[in-house]
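Encoded as structure tokens, the structure appears first; notes follow it.
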Number of protein chains: 2
Amino acid sequence: MTISTKDRIFYTSLDLFSQRGFSGVSIREITREVGIKESSLYNHYRNKEAILEDILTFFRNDFAKTLPPIDALDDILQKSTVESFLKAGHRNFKKYMEDENGQKMWRILQVEQYRSSLAREIILNDLFKTTIQFLEIVFSKLIAMKKIRPLNPKMLAIEYQYPVFTLLTEYNILKFDGKDTSEVEFLLDQHVLFFFETIRIG
Amino acid sequence: MTISTKDRIFYTSLDLFSQRGFSGVSIREITREVGIKESSLYNHYRNKEAILEDILTFFRNDFAKTLPPIDALDDILQKSTVESFLKAGHRNFKKYMEDENGQKMWRILQVEQYRSSLAREIILNDLFKTTIQFLEIVFSKLIAMKKIRPLNPKMLAIEYQYPVFTLLTEYNILKFDGKDTSEVEFLLDQHVLFFFETIRIG
DNA sequence: ATTATATACTAACGTTCGTTCGTTTACAAT
DNA sequence: ATTGTAAACGAACGAACGTTAGTATATAAT
């Protein structure tokens with residue numbers, strides 16, 4: 001089973017958009033890379049804009065799967081220590097970071113954020129808000145379980161997650177230039193440790 | 001004294017690039033807005049790319065002025081409490097955030113980061129690295145003065161500054177859509193407080 | 001008064017843009 | 001065998017792109 005033309009258009013556009021932005025990439029470039037004529041692209045996508053929409057909604061659906069369902073939370077939190085829970089989430093996030101297509105989607109999101117209201121919505125709601133709300137619930141539960149110090153759960157969520165976003169931005173830029181990312185990865189580890197020290201009891 | 005044509009080109013481009021990106025804005029759009037013919041623009045700028053370069057270097061020089069010189073640091077740190085020092089820096093940063101042109105420069109920087117190696121360099125060196133190095137020195141000095149707990153200065157810098165960058169990103173997107181930013185501003189205040197609690201002695 | 005310089009203009013250049021049209025090809029369903 | 005459908009194609013559309021050349025005009029320097 002080989003990759004469909006539509007998928008090849010999708011991944012080629014993903015790659016090109018992430019490097020030069022939507023306006024910086026022409027239909028001719030995309031189709032040349034895919035190996036079809038310009039006119040053939042319109043058998044698969046209504047127009048150029050529809051390719052971007054497709055990419056953004058794909059990211060949206062894909063990212064939604066990364067957070068564990070709230071129902072399963074109590075179970076997970078009971079079974080594991082705070083430290084191992086944080087480390088597991090952190091491993092998960094890192095895996096997402098290392099995925100090449102994930103990096104490209106993130107880049108497109110950043111680059112198109114002021115041109116596309118959908119991009120802004122995804123950043124604000126799906127990335128920021130959803131993640132913070134999830135973590136807020138996690139920390140609330142951990143406080144109720146007396147597993148961590150009784151600090152403001154929302155602030156804990158912010159203090160934990162927001163540095164990660166900036167580190168991810170840094171990571172992405174370095175990766176783009178093929179530079180060494182070991183320091184950023186080290187800082188990410190250190191951040192999780194630092195945060196754990198802040199919240200732990202005693 | 002009225003604004004020169006070159007400056008009008010500069011600020012018009014700043015405005016348009018920040019909304020639609022470099023590739024999304026044409027010379028004709030810029031000159032139409034400025035009120036001159038396309039050809040006249042080339043009396044002031046070598047080509048389109050030179051306008052972007054000009055904007056980016058302007059930001060670079062402008063941002064360099066925001067951090068106080070290291071020589072003056074000991075004096076400042078002696079005279080003020082840790083809390084008031086943090087709050088002053090925070091006020092300073094906020095003022096920068098609220099400046100309309102500052103917002104536009106920041107947006108261009110984000111939007112062009114993968115198209116322009118200069119943009120990447122500015123983000124990585126001038127924004128991230130310089131700020132962290134400055135704060136690292138600050139925290140080192142504060143630790144030596146026994147004004148804060150003896151934690152890793154670099155990690156303190158990261159923990160303090162990196163959430164601010166993400167909050168700034170959020171702030172900028174909200175501002176772009178004319179939405180309410182009071183929650184983000186509140187979170188910024190809370191972050192400074194939270195951080196102060198983490199580092200203070202006793 | 002003249003000359004020089006800066007900055008504006010008109011006109012156009014060659015290229016590329018996104019998209020549409022009508023046609024051909026390949027393959028599956030009848 | 002035929003018909004239907006999806007997906008490829010060549011060719012072209014008008015519009016917009018960045019940039020250049022040559023020229024006019026206004027201001028300042030001689």
Side-chain angles (χ1 to χ4, degrees), chain A residues 1-58 104 107-108 111-119, chain B residues 1-58 104 107-108 111-119:
Chain A
M1 156 74 191
T2 123
I3 307 170
S4 73
T5 301
K6 179 159 190 174
D7 281 354
R8 265 162 43 233
I9 295 172
F10 180 93
Y11 287 107
T12 302
S13 304
L14 176 66
D15 185 55
L16 294 175
F17 288 166
S18 76
Q19 291 182 58
R20 291 201 286 288
F22 179 79
S23 314
V25 177
S26 70
I27 294 285
R28 280 169 178 83
E29 274 181 283
I30 297 169
T31 54
R32 195 186 312 129
E33 188 107 334
V34 172
I36 54 171
K37 294 294 161 190
E38 306 99 88
S39 50
S40 302
L41 182 138
Y42 293 87
N43 285 322
H44 304 281
Y45 283 101
R46 204 171 68 258
N47 53 28
K48 193 186 171 188
E49 191 75 38
I51 306 175
L52 180 61
E53 273 171 40
D54 200 16
I55 290 174
L56 292 180
T57 29
F58 179 88
K104 289 176 185 172
R107 279 175 200 151
I108 292 178
V111 162
E112 299 304 328
Q113 65 180 311
Y114 298 114
R115 229 195 49 83
S116 154
S117 59
L118 178 57
Chain B
M1 157 73 189
T2 120
I3 307 170
S4 74
T5 302
K6 179 157 188 175
D7 280 354
R8 266 161 46 233
I9 295 172
F10 181 92
Y11 287 107
T12 302
S13 303
L14 176 64
D15 184 55
L16 293 175
F17 287 166
S18 75
Q19 290 181 57
R20 292 201 285 288
F22 180 79
S23 314
V25 177
S26 70
I27 295 285
R28 281 167 178 84
E29 275 181 283
I30 297 170
T31 53
R32 196 187 311 129
E33 189 107 334
V34 172
I36 54 171
K37 296 293 162 189
E38 306 99 87
S39 51
S40 302
L41 182 138
Y42 292 87
N43 285 323
H44 304 280
Y45 283 102
R46 204 171 68 259
N47 54 27
K48 193 187 170 189
E49 192 75 38
I51 306 175
L52 180 62
E53 273 171 40
D54 200 17
I55 290 175
L56 292 180
T57 25
F58 178 89
K104 288 175 187 172
R107 278 176 199 147
I108 292 179
V111 161
E112 299 304 328
Q113 66 180 309
Y114 297 114
R115 225 194 52 82
S116 155
S117 60
L118 177 56

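Here is the naming used below: chain letters follow the sequence lines, and residue numbers restart at 1 for every chain. Hydrogens, waters and symmetry mates play no part in the numbers below; they use all other heavy atoms, side chains included.
- Between B/Ile55 and B/Phe10, some side-chain heavy-atom pair lies under the 4.5 Å cut-off.
- For the pair A/Ile36 CD1 and C/dT25 P, the interatomic distance rounds to 18 Å; values are reported in whole Å.
- The distance from atom CD1 of A/Ile30 to atom P of D/dA8 is 15 Å, rounded to the nearest whole Å.
- Side-chain contact between B/Tyr45 and B/Leu52: absent, with no pair of heavy atoms (C-beta onward) separated by less than 4.5 Å.
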When every nucleotide of nucleotides 14-27 of chain D is labelled 5' to 3' by its protein contacts under 4.0 Å (heavy atoms), B for base, S for sugar-phosphate only, - for none, what sequence of letters results?
---BBBBB------
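- Taking atom OH on A/Tyr45 and atom P on C/dG18, their separation rounds to 16 Å, with Å as the unit.
- A/Lys37 comes within 4.0 angstrom of sugar-phosphate atoms only, judged by non-hydrogen atoms across all strands, and of no base.
- Looking at heavy atoms from C-beta onward, B/Leu14 lies out of side-chain contact with B/Phe58 at the 4.5 angstrom threshold.
- Taking 3.5 Å as the limit, the base of D/dA6 and the side chain of A/Asn43 contain no donor-acceptor pair of atoms between them.
- Not one side-chain nitrogen or oxygen of A/His44 sits closer than 4.0 Å to the OP1 or OP2 atom of D/dA6.
- Looking at heavy atoms from C-beta onward, A/Tyr11 lies out of side-chain contact with A/Lys104 at the 4.5 angstrom threshold.
- You'll find the side chain of B/Lys6 reaches within 4.5 Å of the side chain of B/Asp54, heavy atoms only.
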As a quick check of understanding, evaluate side chain to side chain contact (heavy atoms under 4.5 Å, CB included) for A/Ser4 and A/His44, giving each step before the final call.
CA-CA 10 Å; A/Ser4 73; A/His44 304 281; over 6 Å; no
